[in-house]
S.K.: 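The structure that follows is given in the form of structure tokens.
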Amino acid sequence: MVRVTTSTADLWHHYGRARATSDRTVPATFSWSWGQDTGPGPEVLGDLTGRCVGDLGAGTARHAAHLAVHHQPAEVTAIDASPAQHAMATDLYAHLAPRLRIVQSDAVSHLQAMPGAYDALYSIFGAVDFTDPRELLPAAATSLKPGGHLVFATLAHYLSGTPAQPDAVAADIPAKTPDGEATAMRRWVLQEHVWTKLLDQAGFTNITIDVLPATNSGPRTADTLLVSAYHPS
């Protein structure tokens, strides 16, 4: 029997753990696609020199570490609610401080506490996918400076091939508790027009959405929606 857990369980305990033991490098590349093998790179975020950047749902902070090392930001803040992901990110990349800051917090609380703090925010299948967008997107708008940029990569459809939702509703997807028990977590997989409406309602402008097609076939492949929006200047 699959049990839907409370919000206190760390459902990301197992994610990335095997890689963290064998690969401690700062990634040389940065990709938005689901397969992490195609499409544009960090240039989508614009020139980050001297900028303050936030990674929403950073996991083990590999993308954030790449930006901190290769793109001369003033600071990249890697934000993740999972204690396990925060611990692994700290173990891997704490030495990149102060340019990289690793924060354990849910994205909404962090953003609400940081009004006007960020020049750019991004999420790569991170907090945007796993947080109610009616809460997250307004919080993101609050934390961006005037003219600030939000970019996120999200699934264009479910990994099963089922079409994305035509409304702002989540689906339960399989997950595991730290002790390995089967459970489920909520994920928002939404059609393009739904993201556009939600961003507009949160106060964003200049909204664009590109589709990055999957480059391979088989189970658990997906096209990617690459979404870009700006806080009004």
S.K.: Could you give me the CA-CA distance, side-chain angles and deciding distance for L111 and M114, then say whether side chain to side chain contact (heavy atoms under 4.5 Å, CB included) is met?
M.R.: CA-CA 5 Å; L111 294 170; M114 300 287 286; 5.9 Å; no
S.K.: So, taking the atom named CZ in R186 and the one named CG in D132, what distance separates them when rounded to the nearest 0.5 Å?
M.R.: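 It comes to 6.5 Å.
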S.K.: Determine whether a donor-acceptor pair (N or O, by modelled atom type, separation under 3.5 Å) exists between the side chain of D80 and the backbone of G59.
M.R.: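 Pair found, side chain donor or acceptor close to backbone of G59.
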S.K.: Do side-chain atoms of Y118 reach the backbone of R51 as a donor and acceptor pair under 3.5 angstrom?
M.R.: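 No, because the side chain of Y118 does not come within donor-acceptor range (under 3.5 Å) of the backbone of R51.
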S.K.: Nearest 0.5 Å please: distance from the CD1 atom of I124 over to the CD atom of Q36.
M.R.: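 Interatomic distance, I124 CD1 to Q36 CD, rounded to 0.5 Å: 6.0 Å.
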S.K.: Go through the structure and list residues passing side-chain contact (heavy atoms from CB on, under 4.5 Å) with S123, not counting sequence neighbours.
M.R.: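 Only L56, V128, F152 meet the side-chain contact (heavy atoms from CB on, under 4.5 Å) criterion with S123.
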S.K.: Applying side chain to side chain donor-acceptor pair (under 3.5 Å), can you list everything that pairs with D91, at least two apart in sequence or on another chain?
M.R.: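 For D91, the residues satisfying side chain to side chain donor-acceptor pair (under 3.5 Å) (neighbours in sequence not counted) are R24.
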S.K.: Could you work out, with side chain to side chain donor-acceptor pair (under 3.5 Å) as the rule, every residue matching T196, not counting sequence neighbours?
M.R.: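 For T196, no residue satisfies side chain to side chain donor-acceptor pair (under 3.5 Å) once neighbours in sequence are set aside.
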S.K.: With sequence neighbours excluded, what pairs up with A58 under the side-chain contact (heavy atoms from CB on, under 4.5 Å) test?
M.R.: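 Residues passing side-chain contact (heavy atoms from CB on, under 4.5 Å) with A58: D55, A78.
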S.K.: Between S31 and D37, which heavy-atom pair has the shortest distance, and what is it?
M.R.: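 That would be OG-N, 3.8 Å.
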S.K.: Take atom NZ of K197 as the centre, draw a 6.0 Å sphere, and report whether it contains more than 12 heavy atoms from other residues, nucleotides or ligands.
M.R.: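 Counting neighbours around NZ of K197, 12 or fewer heavy atoms of other residues, nucleotides or ligands fall under 6.0 Å, so no.
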S.K.: L150 versus Y122: any side-chain heavy-atom pair under 4.5 Å?
M.R.: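 Result no, sub-4.5 Å side-chain heavy-atom pair not found.
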S.K.: Give the cluster check for L155 versus V151: same hydrophobic cluster or not, with ILVMFWY residues linked at side-chain heavy-atom distances below 4.5 Å.
M.R.: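 Yes, one cluster joins them.
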S.K.: Would a 4.5 Å heavy-atom cut-off, applied to side chains only, mark R62 and P27 as touching?
M.R.: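 Side-chain contact under 4.5 Å: yes.
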S.K.: Could you walk me through whether D223 and W34 satisfy the side chain to side chain contact (heavy atoms under 4.5 Å, CB included) test, starting with their C-alpha distance in whole Å, then the side-chain angles of each, then the deciding distance to 0.1 Å, before giving a yes or no?
M.R.: CA-CA 7 Å; D223 297 341; W34 174 252; over 6 Å; no
S.K.: So how far is it from N206 CG to L199 CG, rounded to the nearest 0.5 Å?
M.R.: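 One gets 11.5 Å once the value is rounded to the nearest 0.5 Å.
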S.K.: Excluding sequence neighbours, so at least two apart, what forms side chain to side chain donor-acceptor pair (under 3.5 Å) with T38?
M.R.: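 T38 satisfies side chain to side chain donor-acceptor pair (under 3.5 Å) with no other residue.
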S.K.: Ignoring hydrogens, what is the shortest heavy-atom contact between Q191 and A164? Give both atom names and the distance.
M.R.: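 That closest heavy-atom pairing would be NE2-O, 3.0 Å.
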S.K.: For the hydrophobic clusters of this structure (ILVMFWY residues joined by side-chain heavy atoms under 4.5 Å, transitively), does one cluster hold both L96 and L92?
M.R.: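 As far as the 4.5 Å side-chain criterion goes, L92 and L96 are connected within one cluster.
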S.K.: The test is side chain to side chain contact (heavy atoms under 4.5 Å, CB included); show your working for T215 and S33 and say whether it passes.
M.R.: CA-CA 9 Å; T215 57; S33 67; over 6 Å; no
S.K.: Taking side chain as C-beta onward, heavy atoms only, is D210 less than 4.5 Å from S228?
M.R.: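 SC-SC contact between D210 and S228 ruled out.
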S.K.: W195 and I207: side chain to side chain contact (heavy atoms under 4.5 Å, CB included), yes or no, with the steps?
M.R.: CA-CA 9 Å; W195 285 118; I207 302 163; over 6 Å; no
S.K.: Any side-chain heavy atom of V76 within less than 4.5 Å of one from C52?
M.R.: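 Side-chain contact under 4.5 Å: no.
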S.K.: Looking only at non-hydrogen atoms, find the nearest pair between A89 and A61 and report the distance.
M.R.: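 What the structure gives for the nearest pair is CB-CB, 3.8 Å.
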S.K.: Using the test side chain to side chain donor-acceptor pair (under 3.5 Å), find all partners of Q165 that sit at least two apart in sequence or belong to another chain.
M.R.: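 If we apply the side chain to side chain donor-acceptor pair (under 3.5 Å) test to Q165, skipping adjacent residues, the hits are Y158.
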S.K.: According to a hydrophobic-cluster definition based on side-chain heavy atoms being under 4.5 Å apart (Ile, Leu, Val, Met, Phe, Trp, Tyr only), do L226 and L198 belong together?
M.R.: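 In one cluster with L226: L198, no.
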S.K.: Indicate the atoms forming the closest heavy-atom contact of G116 with K145, along with that distance.
M.R.: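 Scanning both residues, the minimum pair turns out to be O-CG, 3.2 Å.
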S.K.: Roughly how far, to the nearest 0.5 Å, is the CE atom of M88 from the CD1 atom of I102?
M.R.: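 One finds 12.0 Å between CD1 of I102 and CE of M88.
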S.K.: Which atoms form the tightest heavy-atom contact between E192 and V211, and what is the distance?
M.R.: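 The answer is OE2-CG2, 3.6 Å.
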S.K.: Answer yes if the ring centres of W188 and F130 are under 6.0 angstrom apart, and no otherwise.
M.R.: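 Judged by ring-centre distance (under 6.0 Å), W188 and F130 do not meet the cut-off.
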S.K.: To the closest 0.5 Å, what do you measure between OG1 (T77) and NE2 (H110)?
M.R.: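 Here the rounded value is 5.5 Å.
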S.K.: When you compare the side chain of Q104 with that of P83, does any pair of heavy atoms fall below 4.5 Å?
M.R.: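 In contact.
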S.K.: Could you tell me whether the side chain of S105 and the main chain of A107 form a donor-acceptor pair under 3.5 Å?
M.R.: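 Not at all, since once roles are kept as given, no pair shorter than 3.5 Å links the two residues.
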S.K.: Could you see if V108 belongs to whatever hydrophobic cluster contains L121? Use Ile, Leu, Val, Met, Phe, Trp, Tyr and a side-chain cutoff under 4.5 Å.
M.R.: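 Yes: a chain of side-chain contacts under 4.5 Å links V108 to L121.
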S.K.: What distance separates Q72 CD from T49 OG1, expressed to the nearest 0.5 Å?
M.R.: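 Going from the CD atom of Q72 to the OG1 atom of T49 covers 5.5 Å.
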S.K.: Centres of the H149 and H231 rings: under 6.0 Å?
M.R.: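 Ring-ring flag for H149/H231: false, centres at least 6.0 Å apart.
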S.K.: Look at the side-chain heavy atoms of Ile, Leu, Val, Met, Phe, Trp and Tyr, link any pair under 4.5 Å apart, and say whether I209 and V44 land in one connected group.
M.R.: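 The answer is no; the residues belong to distinct hydrophobic clusters.
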S.K.: W32 and T224: which non-hydrogen atoms are nearest, and at how many Å?
M.R.: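 So the two residues come closest at O-CG2, 3.6 Å.
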S.K.: Mind checking whether H66 and F30 have parallel, tilted or perpendicular rings, split at 30° and 60°?
M.R.: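 Aromatic pair H66/F30 classed tilted.
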